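Reading through the structure tokens given below for one structure.
These numbers were taken from a predicted model, which means no experiment stands behind them.
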Amino acid sequence: IPGYGDSPPVETAVTAQGRRTFLERVFQELDMQRPVLISPSMSGRFSLPFLLAHGDRLAGFVPIAPVGTKDYTAEQYRGVQTPTLILYGDHDTGLAPQALKNLQHLPEHRVAVLPGAGHACYLDNPEAFHQALLGFLRQLK
């Protein structure tokens, strides 16, 4: 994620609009048509502004305890029709419950809780993660 961890700061990543535009450019440069956006943790700062502005450009959305869910209202989430799989580990007692509380307002959502997994649930229980993800992808139109 540009500007996080050891990556250099990126001026456009300072605002939600800049992060949304950055993600738009990534999809454009890669010529991606209706991708499924998988968004763990800090990437929520990029994915959520994109989802709320351009959810119709996504075939699906898979938030994994993303950061930034409280920045938007229940009404904003209710306006998104993108099929969504809300994923988190049952041992993620910090960010996951807050993200679920906010994301459950997305009308086209389902929830998968991975047993024995923490915040990085895809690393802690990769088998359950892949089963949930593949099941979701198979049901997309």
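- Taking both residues in full, the closest heavy atoms of Leu87 and Ala132 are given as CD2-CB, 4.1 Å, listed atom of the first, atom of the second, then distance.
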Subject >> Step-by-step side chain to side chain contact (heavy atoms under 4.5 Å, CB included) determination, Phe61 to Leu48 >> reply: CA-CA 10 Å; Phe61 180 56; Leu48 292 169; 4.1 Å; yes
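- A pairwise comparison of heavy atoms in His109 and Gln104 identifies CE1-O, 3.0 Å as the closest pair.
- In this model, a donor atom of one side chain and an acceptor atom of the other lie less than 3.5 Å apart for Ser43 and Ser39.
- Here the rule is side-chain contact (heavy atoms from CB on, under 4.5 Å) with Pro40, and of Val67, Val62, Ile64 only Ile64 fits it.
- The distance from the CD1 atom of Ile86 to the CG atom of Leu100 is 5.5 Å, given to the nearest 0.5 Å.
- Between the side chain of Arg34 and the backbone N or O of Arg57 there is no donor-acceptor pair closer than 3.5 Å.
- Separation of atoms CZ (Arg25) and CZ (Arg20) is listed at 10.5 Å; rounding is to 0.5 Å.
- With a 4.5 Å cut-off on side-chain heavy atoms, Tyr88 and Val111 count as touching.
- To the nearest 0.5 Å, atoms CZ (Phe50) and CG (Leu23) are separated by 5.5 Å.
- Taking Asp90 as the reference, nothing meets the salt bridge (charged side-chain N to carboxylate O under 4.0 Å, His left out) condition, with sequence neighbours excluded.
- In this structure, CD in Gln131 is found 11.0 Å from CG in Leu133, a value given to the nearest 0.5 Å.
- Atom CG of Leu95 is separated from atom OG1 of Thr69 by 6.5 Å, given to the nearest 0.5 angstrom.
- Listed here is the closest heavy atom pair of Ala112 and Leu85: CB-CD1, 3.9 Å.
- In this structure, NE2 in His105 is found 13.5 Å from OG1 in Thr84, a value given to the nearest 0.5 Å.
- Under the 30°/60° scheme for interplanar angles, the aromatic rings of Phe22 and Phe46 are found to stand perpendicular.
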Subject >> Derivation of the side chain to side chain contact (heavy atoms under 4.5 Å, CB included) call for Phe129 and Leu123 >> reply: CA-CA 8 Å; Phe129 172 77; Leu123 296 176; over 6 Å; no
